[in-house]
Each structure stands twice: as structure tokens, then as C-alpha cells.
Amino acid sequence: MVVIAFLVPLAILVGALAFDRAVTGAEREAESIARLVAVLSPSSGPAGAALTIGEERLTEIGASMILPDGSVYGIDVPVGEDLSAALGGSAFRASVDAGEAVYLPVAQSDGEITVVRVVAPHEDLTSGVRRSWFILAGLGAILVGLAVLAADRFSRSIVGPVRDLSDTAVRLKGGDFSARVDPAGPPEIEEVGAEFNQLAEQVEHLLQVERETAADLAHRLRTPLTAAKLDAEALSDDESRGRLLEDLDELGRTVDFIIGEGRRPVRTEVDPGCDLAVVVADRAAFWSPLSEEQDRAFTTAIEVVHAFVAVPEVDAGVMIDALLENVFAHTDERVPMAIRLTSPNVASVLLEVEDGGRGLVDEGAVERGASTGDSTGLGLDIARRTAEASSGSFELAEQGPLGGARVTVLLPLIDGPAA
Amino acid sequence: MATILIIEDDQRIRQSLSNRLAERGHDVDAVGTAMAGVESAVSGRFDAVVLDLGLPDLDGAEALRMIRSITDVPVVVATARDDETEIVRLLDAGADDYVVKPYSAEHLEARLRAVLRRSGPEPEQRVITVGQIVIDLDAQEAGFEGQPLDLTAREFELLAYLAERPGTMVSKRQILAEVWHQPYGGADKTIDVHLSWLRKKLGETAAEPRYILTRRGVGVRLVDPDS
């Protein structure tokens, strides 16, 4: 818009300047001839002056001399052209078919008037205008192009870092606390990026401190737990001793679980991910002899070639073991079971473990999912936390296709190692 | 019965553990600092030492190095830390075994028995034979009916543990504590699946067992089917 607002008046101005230049030239020629007529007429009369100036010269410069008697020297004057104002002594300018005509009256000593008429032809009135317009149009196109390029670069310098910031915020929200922005762009955006990184550092640090504190506290708990266990062993009442030892064992398992969770970031740093298809195949093979012994139909279906997920191999193995062990622990022998790995979409992989048992209602959802009696439920909790730690989800369904409980773990896929 | 030195700064554990081991017939002495422990350990009076790592005057690992520089007395480290790196470091520093807190007196006593057995007069070759199963503890190899058995480390440990007590019913809790170093119950199925693998490799099944006999709710034992 700025270019157009600048170029259009400039184009008009160029046209006006060309017009003025041609008209001014015609006026100068007319004045020059008028002076000659004024000098020559007293001695040789206007006709003599016209002859002295010469027909050829007048034609050459597009001039005419209209004498008081009506005779015309130089170029022809169209019939019917209104010369009355000039003959009346007025100098003026008028548009004619040939261009722009300048009329200049020259008064004789006897009062008669000779009119000098000079025409600035159309080609002189627009001389160079078209070329100038082309140059201006070209210049305008270049300026517009440069402006578009500059605007694109400028918008990229803003949009790129803002998009990066947004993507990083999404990763952070998804639990990837290692996500950082590369501060770039205009100073304000760069500053926001740097502040964002500091915020992420702080969040990660606080979480790490929290985990370490929990793990440290758990370590500290192991000492009094040992003392309590040794004291419990001294109880003479078998029932009380057994119950207390069981409670202390469960407390110990919970402490171990907290410590394990505290170590998760270290494991993730050492091993950022694994091929879940390989781990599922390995763990299913590991548990198959027990299923054979218990006369269970154990279906293993791995419907993906590779499934790289952001779960350390150890954690993935523990998660799958926990899910399969849960089936063995809570269903009768000969009850069928299945483990399945599918890809519901291009971005995620679905792990399903199900059985043909009585489902969660009969067995009690609490028993299968949380802490009670001789089942701690920590196995399922480990699986849940493992899924959530890698931005996945965990679901415990009441009834699966086999008729019993069904656990699903949905995990986002990541890029596998470079071949 | 053995003479045992406990180096443990927590007064309650020191007292309770002393009582529990004494009840089991051991002669127990307990101290609360590393320096007192090192001083006692090097006296040569003790058959084994239980060493806690979190001591007030000196790091337990340092105390272990001091003891080891003077005497070969078996040392079982009792630690609250169970990360593998730490355990490997302690074993490399001269510990004979370790137990992770919270342990039971029964668990610790089993560990002490094992290290005392190992520290006793060296048999010419530590090979256990149960029927057609032959286990070479030094070479960490096992064979069955004259053929080598392809066992994982855990399967070998489990088979060796059962073979060391042939015919004895062992509870899964004991197995968890002494083979898995896990002082809690509740992981029975993990043991079951390892037993399944062992049965498979020994060519038997739970329905028709020969060597590995399981009694539901009680435990498991390894027997010679031909005896």
C-alpha cells in the first residue's frame, strides 16, 4: 500500500512534468517568434517578418503566424479554430487536435494584431512518460517483492520461536521435563524463551528434589522398619506376629516402590526408550511355561513390527511382568489369558493384557488395583505410573473380550534408533 | 552356633537383632560405632560380622576396608541402599554378602550360615549332585543326565539353593529372601515361573514332577526321584 501510495502520485507527477515541459517549450518558441515579429514588423510589415523568419523554421517548430489580414504562415491552422481571444489581444493556451496550442498576440504600431500560434504535439506532451512509468512500475514491483520477503522473514523470526515455545510447553505438559526452548527471535520473544527455560529447569529441579526427598525418606524408613520387624519376630502370639510381619512387609514394599519411583529419572536418562514389541515378546515367552503348567490358553499377538516408546527397557519389562503376574495371581488355573500389542494409530501403541476370569466385580476391583491383604496392587500401580511417566495412559476395564479383567496401556510412539 | 559381631548404630536394631540371634543360640556382641567395630573385628574372636553402613564416626565401606586389610572374618553388610552399583562396590571392597533393610533375623541368619559355610574348610570341589543333576558351584555350571543345562543366573541360583538342601521343604518366602534378596512375600508367581522354567529344562511338568516337588501353600523341595 505504501508503495502504491508513493508510486501513483509519482507517476501522475511525471506525466504533469512532461506536459509542462512541452508546453513551456512551446511558450518559449512562441515568445521568441513574437519578439522577432515585434522587431521586424515596423520596417517590413508582419508579412515581411513572417518571410524573414521563414516558412521552414515555423513549420519545424510547429508554429504558425496569423496575420491581421487572415493569411497564415507556417503550419496550417484548422478551419473554424477560435482565434478571437488572441486577435482581441489575449494570450492563452488551448487543447487542439494536434496537441496543446499556445496563442500569443503581437500588437503592431498601427494597432493591428498578429497572432503567433505554437503547438506542442502529443508526442512531446507525453515524451518519456511511458518509460518513466515502466521504470516506476518495475521499481514498485521490486519494492513490493522486497517488502514481502522482509515481512516473511520478520514474521518467521516471530512465529518460529513462538511455535517452538508452544511445542515445548506441550512437551512439558506431557511430562517431558527435559524439554527446553532454543531462545531466538526478537529480543522480547528471546527473553520469554529464556525465562521459560528457567521455569522448566525450576520445575524439573523441584520434582527431582521431591523425588530424592521421598527416596531419602524411604531409605531412612528402612532402618526403623528393620527394628520393628525384628521386634515383631519376638512376639509370642503367632497370629499377631504373622499379621504384624505381613503389615511390615507391605510397608516395606511401599517404601521400595517410592525409592523405585525416585530413581525413575536416572533410569530414563540412561535408557530413554525401548522397542516394546521386543520386550512384549520376551516377557510373554518368559511367562509361557507357567501358563503351560497351569493349562492356560495364553495368546500372544504382536501386530506391530517395531514399537519404540519412551520407557526404559527395564521399566517396560517390570510393567509387563506386573500385568501378567497379576493375571496369574488373581485367576484360577486353566483360565485363558492374552497379551496383545497393536497400533491403533500412527502415533501410539496399545498394550492389552486380559483374562477370562471373573472380572473385577467378582474379584473386587480394590484387590486388583490397590493395596489389600496379600495383594498389594503395587504391580498395577507400577504399570500405571510407567504409562503416565511417558505421557501414556492406563485403563483397568471391568470386562474384556475374554470375559474377565482387561488392562490397557496406551503409549505414544517415538522415533526409533537410527539404522 | 557362631560368635557374631554386630556393628550397628541404631540402638533398637542393635538390641533386637542381638536378642533374636541370641535366641537362636548365637553368641552375639554388638557395638554402635565403626571404630569400636573395627577394634572388635580384628580381635579374632568372631566367626562373622554384620556391618551397617550408616555409622556415625566412619563410613561403613571404609570400616569394611579396614577390617578386610587385617582379617578374613566373613562380613555381611546390612544396608538400606539396594542399588546395584552400591552393592557391587561393597562386594568388591571385600563384603562376603549383603542384606537389604528391612531384613528379618531369619533372613540374616541364613545369610550368616551361608558365609560361614563358604568360609569353612574348602572342600576339594564344591559340586552338588541330586540324582542326575550335577551342580558345580565354583564354575557356576549345572548339568542334567550328562548334558549341560542352559540356565539363567537366577535359575542357577534357585536350583543351587534347592540342591543345597535336598529333600527339605523350602517356603517361597525363604526363596524370595535368600535367592532374590527380597525380604517380602507377595511375588510367588515370579518364583513359580522360574520353577516352571527349571522343570521344563529338567524335562518334567508340574503335573508329573520328578525332581521339583511343590506343595501348594507350603513350599518347594528338590529330591532325587530314584532314592
Side-chain angles (χ1 to χ4, degrees), chain A residues 215-216 218-234 241-242 245-246 248-256 259-260 262-263 266-267 283 285-295 314 318 321-322 324-330 333 371 373-379, chain B residues 8-21 23-24 52-54 78-85 99-109 152 173 176-177 182-201 204-209 214 216:
Chain A
D216 185 53
H219 276 124
R220 286 165 192 261
L221 279 173
R222 281 178 167 168
T223 297
L225 204 53
T226 308
K229 204 166 175 177
L230 291 168
D231 286 343
E233 283 181 323
R241 184 176 63 236
L245 283 172
E246 271 181 16
L248 289 170
D249 278 354
E250 191 176 324
L251 184 58
R253 278 190 289 267
T254 307
V255 166
D256 283 357
I259 292 170
R263 286 178 189 155
V266 178
R267 292 199 298 276
R283 299 328 293 163
F286 174 73
W287 286 95
S288 60
L290 188 59
S291 68
E292 285 168 23
E293 274 192 1
Q294 296 188 353
D295 200 18
V314 172
V318 169
D321 282 351
L324 292 174
E325 186 171 5
N326 194 261
V327 175
F328 283 107
H330 294 281
E333 293 186 5
S371 178
D374 59 354
S375 168
T376 64
L378 281 177
Chain B
E8 165 67 63
D9 68 320
D10 187 275
Q11 196 269 333
R12 276 188 64 198
I13 293 180
R14 205 163 60 232
Q15 189 61 50
S16 299
L17 187 58
S18 298
N19 293 343
R20 295 298 83 72
L21 292 177
E23 283 163 12
R24 286 169 161 78
D52 174 42
L53 289 184
T79 173
R81 302 202 169 269
D82 62 351
D83 53 292
E84 206 171 323
T85 316
V99 283
V100 177
K101 291 179 179 177
Y103 51 79
S104 64
E106 185 188 7
H107 181 190
L108 180 65
E109 193 188 19
T152 64
R173 193 186 184 91
L176 266 182
Q182 188 178 319
Y184 323 116
D188 289 5
K189 298 302 163 191
T190 304
I191 298 173
D192 286 347
V193 73
H194 280 87
L195 289 172
S196 298
W197 275 107
L198 277 181
R199 283 196 196 97
K200 199 178 172 88
K201 289 175 181 179
E204 62 185 56
T205 63
E208 292 178 16
T214 305
R216 194 184 291 268

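Because the structure is predicted, anything quoted here is derived from the model rather than measured. Sequence lines set the chain letters: A, B, ... in the order given, protein chains first and strands last, and positions in each chain run from 1.
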Identify the two heavy atoms, one from B:W197 and one from A:F286, that lie closest to each other, and give their separation to 0.1 Å.
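In terms of heavy atoms, the two residues are closest at NE1-O, 2.7 Å.
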Over all atoms of both residues, closest heavy-atom pair of B:R20 and A:L230
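That would be NH1-O, 3.0 Å.
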Donor-acceptor check, side chain of A:W287 to backbone of B:V193, threshold 3.5 angstrom: yes or no?
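Checked: no pair found.
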Quick one: [atom1] on [X] to [atom2] on [Y], what's the gap to the nearest 0.5 Å?
{"X": "B:R24", "Y": "A:E233", "atom1": "CZ", "atom2": "CD", "answer": "6.0 Å"}
{"X": "B:D192", "Y": "A:E293", "atom1": "CG", "atom2": "CD", "answer": "8.0 Å"}
{"X": "A:D321", "Y": "B:T190", "atom1": "CG", "atom2": "OG1", "answer": "7.0 Å"}
{"X": "A:D249", "Y": "B:S104", "atom1": "CG", "atom2": "OG", "answer": "8.5 Å"}

With heavy-atom distances below 4.5 Å as the criterion, would you say the side chains of A:P289 and B:R199 are in contact?
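Not in contact.
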Do A:R222 and B:Y103 have side chains that get closer than 4.5 Å, going by heavy atoms?
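Counting from C-beta outward, A:R222 and B:Y103 never come under 4.5 Å.
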Heavy-atom contact with chain A under 4.5 Å, split by part of B:A207:
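Nothing of B:A207, per the 4.5 Å heavy-atom cut-off to chain A.
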When you check the gap from the basic side-chain N to the acidic O, do A:E333 and B:R216 get nearer than 4.0 Å?
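Yes.
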B:D10: side-chain hydrogen bond (donor to acceptor under 3.5 Å, both in side chains) partners, not counting sequence neighbours
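Result, side-chain hydrogen bond (donor to acceptor under 3.5 Å, both in side chains) vs B:D10: none returned.
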Taking only residues two or more places apart in sequence or in another chain, which ones pass side-chain hydrogen bond (donor to acceptor under 3.5 Å, both in side chains) with B:R14?
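Result, side-chain hydrogen bond (donor to acceptor under 3.5 Å, both in side chains) vs B:R14: none returned.
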Partner of B:K101 under side-chain contact (heavy atoms from CB on, under 4.5 Å), chosen from A:L221, A:L225, A:T223:
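The residue from A:L221, A:L225, A:T223 that satisfies side-chain contact (heavy atoms from CB on, under 4.5 Å) with B:K101 turns out to be A:T223.
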Are B:R12 and A:D231 close enough, and set up right, to give a side chain to side chain contact (heavy atoms under 4.5 Å, CB included), and what steps lead you there?
CA-CA 9 Å; B:R12 276 188 64 198; A:D231 286 343; 2.8 Å; yes
Side chain to side chain contact (heavy atoms under 4.5 Å, CB included) assessment of B:S196 paired with A:E292:
CA-CA 9 Å; B:S196 298; A:E292 285 168 23; over 6 Å; no
Run the side chain to side chain contact (heavy atoms under 4.5 Å, CB included) check on A:L324 and B:K189 step by step: do they pass?
CA-CA 9 Å; A:L324 292 174; B:K189 298 302 163 191; over 6 Å; no
